[in-house]
Engineer: 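I have a structure I would like to understand better, so I am pasting it below and will then ask my questions one at a time.
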2 protein chains.
Amino acid sequence: MADAQPLKPTDAELEVLQVLWQNGPSTVRFVNDELNKTKEVGYTTTLKIMQLMTEKNMVRRDESNRSHVYEPLLKEEATQKHLLDKFLDSAFRGSASRLVMQALGNHQTTPEELNQIRDLLNKLEGGTK
Amino acid sequence: MADAQPLKPTDAELEVLQVLWQNGPSTVRFVNDELNKTKEVGYTTTLKIMQLMTEKNMVRRDESNRSHVYEPLLKEEATQKHLLDKFLDSAFRGSASRLVMQALGNHQTTPEELNQIRDLLNKLEGGTK
DNA sequence: TTGCAACTACGAAATATTTCGTATATATTT
DNA sequence: AAATATATACGAAATATTTCGTAGTTGCAA
């Protein structure tokens with residue numbers, strides 16, 4: 001057996017996933033270089049994390065070339081949803097609206113994005129103006 | 001020295017803080033009982049966590065009675081903001097709007113709350129309709 | 001005044017996660 | 001062909017976090 005659960009990735013695993021989601025299937029070398037743009041981390045450290053992720057079926061490894069290529073098996077949206085649920089519970093006691101208010105209040109958002117959100121609100125309110 | 005940093009509480013610490021934020025200064029016994037409504041956890045485990053939190057200045061301990069009373073030193077809002085920032089970065093690569101859309105989409109929110117959010121949107125857009 | 005119940009202190013084990021050194025294999029360059 | 005660069009595998013140390021047993025106190029009830 002072996003299934004791609006919507007497991008909760010650890011912090012280090014999530015960082016790797018972000019690189020893969022953003023850039024598609026990549027080698028350890030590439031991922032490690034990306035990570036090093038932000039923080040210092042050894043090559044074998046990244047390698048190890050990705051090996052563990054392979055065992056957990058979070059990524060799939062293509063070994064046809066000497067440099068293995070890793071592809072994410074977890075979907076970005078599904079994983080975000082999963083993490084959001086947990087975060088909402090633990091940090092906001094489940095109050096989505098409070099989280100949303102904080103997120104909108106503390107971070108700059110473009111008018112376009114605000115409009116998208118407004119559209120969503122309209123849909124949610126069932127057209128109520 | 002010793003200051004009440006907006007430190008990142010661990011999961012266990014956050015659970016304790018939620019109880020304190022929601023109920024005000026409490027004893028270990030009370031906190032432990034609350035936690036046990038959700039999951040099983042030993043009394044001394046909770047005690048230990050709260051002792052560590054005291055050392056980290058996340059809570060203050062009143063020892064005047066035999067049962068010590070713990071009061072949160074971290075503010076709920078500030079802590080949420082801190083955690084949200086981190087979460088936004090790690091899970092949504094900083095895109096507040098994507099997080100908001102997901103949060104609104106996946107969780108039921110009352111019309112009143114939606115209106116609150118709409119008001120906030122209006123303010124943020126600077127009145128642009 | 002004895003004994004039980006409820007507390008705190010504290011060390012240490014159990015887990016979970018991250019980090020990296022070393023060995024070894026395989027390309028590539030000179 | 002030798003030296004050098006680049007990969008993977010793997011064990012194990014370093015950290016971080018959680019969990020709990022045990023010892024010792026104190027309050028209270030029988």
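Note that the structure is a prediction, hence the values are computed from the model and not measured. Throughout, a chain's letter reflects where its sequence line sits, starting with A, and its residues are numbered from 1. Note: hydrogens, waters and symmetry copies are ignored here, and every other heavy atom, side chains too, is used.
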Engineer: Does B:Leu124 form a side chain to side chain contact (heavy atoms under 4.5 Å, CB included) with A:Thr109? I'd like the steps, not just the answer.
Structural biologist: CA-CA 9 Å; B:Leu124 290 178; A:Thr109 315; 5.7 Å; no
Engineer: So, do B:Pro72 and B:Trp21 sit near enough that their side-chain heavy atoms are less than 4.5 Å apart?
Structural biologist: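 B:Pro72 vs B:Trp21: side chains touch.
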Engineer: List in chain and number order the residues that pass side chain to side chain donor-acceptor pair (under 3.5 Å) with B:Arg93, two or more places apart in sequence or in another chain; answer none if no residue qualifies.
Structural biologist: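 With neighbours one apart ignored, the set is A:Gln18, A:Glu76.
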Engineer: Could you give me the CA-CA distance, side-chain angles and deciding distance for B:Glu71 and B:Arg61, then say whether salt bridge (charged side-chain N to carboxylate O under 4.0 Å, His left out) is met?
Structural biologist: CA-CA 6 Å; B:Glu71 147 187 42; B:Arg61 177 168 54 189; over 6 Å; no
Engineer: How about CD on A:Glu77, more than 12 heavy atoms from neighbouring residues, nucleotides or ligands closer than 6.0 Å, or not?
Structural biologist: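 12 or below, so no.
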Engineer: NA contact type, A:Glu13, heavy-atom cut-off 4.0 Å: base, sugar-phosphate, or nothing?
Structural biologist: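 Nothing, no heavy atom under 4.0 Å.
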Engineer: Could you report the tightest heavy-atom contact between B:Met50 and B:Val59, atom names first, then the distance?
Structural biologist: O-CG2, 4.1 Å
Engineer: Verify whether one side chain among B:Asp119 and B:Asn115 offers a donor that lies under 3.5 Å from an acceptor in the other.
Structural biologist: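 No, no side-chain donor-acceptor pair sits under 3.5 Å.
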Engineer: Shoot me the first and last contacting nucleotide of DNA chain C against chain B, ordered 5' to 3', at under 4.0 angstrom to non-hydrogen atoms.
Structural biologist: C:dA6 to C:dA12
Engineer: Does any non-hydrogen side-chain atom of B:Lys37 lie less than 4.5 Å from one of B:Asp33?
Structural biologist: no
Engineer: Regarding A:Asn65 and A:Ser67, do their side chains bring together a donor and an acceptor under 3.5 Å, going by distance alone?
Structural biologist: no
Engineer: Using the test side chain to side chain donor-acceptor pair (under 3.5 Å), find all partners of B:Gln22 that sit at least two apart in sequence or belong to another chain.
Structural biologist: none
Engineer: Go through residues 38-46 of chain A and report each residue with a non-hydrogen atom lying under 4.0 Å from DNA chain D, sorted by number.
Structural biologist: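 Heavy-atom contacts with DNA chain D come from A:Tyr43, A:Thr44.
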Engineer: With a 4.5 Å heavy-atom cut-off, do B:Met58 and B:Leu73 have their side chains touching?
Structural biologist: no
Engineer: Give me, pair by pair, the N or O atoms of the protein and of nucleotides 2-5 of chain D that are less than 3.5 Å apart, along with how far apart they are.
Structural biologist:
none

Engineer: Same cluster or not: B:Ile49 versus B:Val69, using hydrophobic residues (I, L, V, M, F, W, Y) connected whenever any side-chain heavy atoms lie under 4.5 Å apart?
Structural biologist: no
Engineer: Strictly below 4.0 Å, N to O, side chains only: are A:Lys39 and A:Glu15 in salt-bridge contact?
Structural biologist: yes
Engineer: List in numerical order all residues of residues 21-34 of chain B for which some heavy atom is under 4.0 Å away from an atom belonging to DNA chain C.
Structural biologist: B:Arg29
Engineer: So what does B:Glu63 touch, heavy atoms closer than 4.0 Å: a base, only the sugar-phosphate, or nothing?
Structural biologist: nothing
Engineer: Could you give the NE2-to-C1' distance, from A:His68 to D:dT8, as a whole number of Å?
Structural biologist: 6 Å
